[in-house]
Amino acid sequence: MSLSTAKPRQSNVFKEMIGSLKRTLAIATNAFREVIRDRVLYLIVLYALVMAAAWRLLPEVAATTEDKMLLDVGLAAIDVLGSIVAIFVGTGLINKEIDKRTVLVLIPKPISRAEFIIGKQLGLSAVLGVLVALMTGIYLAFLSLAQISYPVVSILIAALYLFFKLCLLTGIALMLGVFTSSLLATLLTFGIYLMGHSSRDLLALGNLSRNADIERLTQALYLVLPDLSRLDLKNQAVYGILPDSITLLSNAVYGLLYTVLVLAIAILIFSRREF
């Protein structure tokens with residue numbers, strides 16, 4: 001192959017990559033606007049009300065530990081509210097397009113199904129990023145108003161890893177949502193969310209059983225289920241205690257790879273669907 005023919009081919013590949021990126025970002029932008037229009041940002045107001053109520057009520061019920069409890073409540077509320085959005089919105093993103101038949105308009109266009117899935121993931125992840133950032137800002141503001149000392153770096157890192165966890169949860173929700181109903185996908189995603197936080201305990205329980213069959217079963221479940229405790233740093237963060245940098249990096253890579261894996265499965269399943 002001559003140099004003159006290789007350059008046009010490389011140019012065409014580059015143009016196709018740019019075109020694919022633009023289409024994916026267009027889908028992500030549309031998904032972001034769609035989720036925002038669903039008034040998801042009202043959760044910011046709900047979070048502020050929860051923090052205000054905790055600030056006023058905790059001194060009445062916890063005379064000496066209200067500072068620690070406010071620290072715990074704030075991060076836990078961010079986790080819960082963010083997970084609600086990731087699960088309930090994520091499982092319905094694809095099914096909503098199918099129910100409204102808009103997928104029939106999008107798919108025949110020069111938009112691949114991979115671009116469609118990745119765009120939806122990026123759009124909802126952007127919404128979750130905005131939610132986590134705003135709620136973290138409100139959280140730190142309330143701690144400052146209450147004159148509670150807090151390890152700001154640890155809390156910010158915990159919030160970042162919470163965002164990673166929500167992105168992973170969004171990928172799982174999308175994967176389940178592409179081949180089943182929104183209700184069933186929501187229930188399955190919620191079940192994975194609960195089991196993902198206790199997968200290490202499940203593995204330890206299997207080891208304690210000293211039964212080979214149970215150990216193999218729990219090890220298989222641990223390999224399949226996401227280990228969400230890797231990305232849940234809120235309990236350590238309030239004390240200013242975090243894993244070392246190598247562990248933090250490996251946990252972030254784990255979350256990224258697991259997210260890519262579930263998205264790849266979602267794309268594979270979605271590519272086989274007929275509309």
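All values derive from a computational prediction rather than experimental measurement. Counting begins at 1 with the first residue of the sequence.
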Side chains of M51 and L70, heavy atoms from C-beta outward: is any pair under 4.5 Å? yes
Side-chain heavy-atom pair L162, L75 within 4.5 angstrom cut-off: no
As an exercise, state the distance from CD of E34 to CG of D38, rounded to the nearest 0.5 Å. 6.5 Å
Considering only heavy atoms from C-beta outward, does the side chain of V35 approach that of L93 to under 4.5 Å? yes
Between the CG atom in L242 and the CD1 atom in I155, the distance rounded to the nearest 0.5 Å is 10.0 Å
Does Y254, at its OH atom, have more than 12 non-hydrogen atoms belonging to other residues, nucleotides or ligands within less than 6.0 Å? yes
Got a second to check how far L228's CG is from Y161's OH, nearest 0.5 Å? 14.5 Å
Classify the angle between the aromatic ring planes of F270 and F116 as parallel (below 30°), tilted (30 to 60°) or perpendicular (above 60°). parallel
A side-chain contact here means heavy atoms from C-beta on lying under 4.5 Å apart; do V85 and L124 qualify? yes
Could you see if F190 belongs to whatever hydrophobic cluster contains L187? Use Ile, Leu, Val, Met, Phe, Trp, Tyr and a side-chain cutoff under 4.5 Å. no
Quick check: are there more than 12 heavy atoms from other residues, nucleotides or ligands sitting under 6.0 Å from CG of L194? yes
For A31 against G119, the heavy-atom pair lying closest together: CB-O, 4.4 Å
Side-chain heavy-atom pair N251, F164 within 4.5 angstrom cut-off: no
Tightest non-hydrogen contact, residues S144 and Y150, listed as OG-OH, 3.1 Å
Side chain to side chain donor-acceptor pair (under 3.5 Å), that's the test. Do T186 and T91 meet it? Break it down for me. CA-CA 6 Å; T186 299; T91 53; 3.0 Å; yes
Looking at Y139 and V73, would you say the former's side chain and the latter's main chain have a donor-acceptor pair under 3.5 Å? no
Minimum heavy-atom distance between T259 and Q121, given as atom pair plus value: CG2-NE2, 3.9 Å
Do you know which two heavy atoms are closest between I172 and V262, and how far apart they sit? N-CG2, 4.0 Å
Single-linkage hydrophobic cluster V152~L248, side-chain heavy atoms < 4.5 angstrom: yes
Establish whether L43 and F88 are linked, either directly or via other cluster members, by ILVMFWY side-chain heavy-atom contacts under 4.5 Å. yes
Just how far is it from atom CZ of F32 to atom CG of L122, taken to the nearest 0.5 Å? 12.5 Å
Smallest heavy-atom separation, Y47 atom then M135 atom, equals CE2-O, 3.2 Å
Indicate, with yes or no, if I265 and L268 share a hydrophobic cluster defined by side-chain heavy-atom contacts under 4.5 Å among Ile, Leu, Val, Met, Phe, Trp and Tyr. no
I'd like to know if L128 and L156 are part of one continuous hydrophobic network [Ile/Leu/Val/Met/Phe/Trp/Tyr, side-chain heavy atoms within less than 4.5 Å]. yes
S83 vs L169 side-chain heavy atoms within contact, under 4.5 Å: yes
Pick one: which of I138, L131, T136 meets side-chain contact (heavy atoms from CB on, under 4.5 Å) with I78? T136
Taking the side chain as every heavy atom from C-beta outward, state whether R113 and I117 have any atom pair closer than 4.5 Å. no
If I compare all heavy atoms of S125 with all of C167, which pair ends up nearest, and what's the gap? OG-SG, 3.6 Å
Check whether any side-chain N or O of T180 sits under 3.5 Å from a backbone N or O of L176 as a donor-acceptor pair, and report yes or no. no
Side chain proximity check, L160 to L233, heavy atoms < 4.5 angstrom: no
CG on L261 to OH on Y258, rounded to 0.5 Å: 7.0 Å
Steps toward side chain to side chain donor-acceptor pair (under 3.5 Å) verdict (S154, Y239): CA-CA 8 Å; S154 297; Y239 293 105; over 6 Å; no
NE2-OH distance between H197 and Y193, expressed to the nearest 0.5 angstrom: 4.5 Å
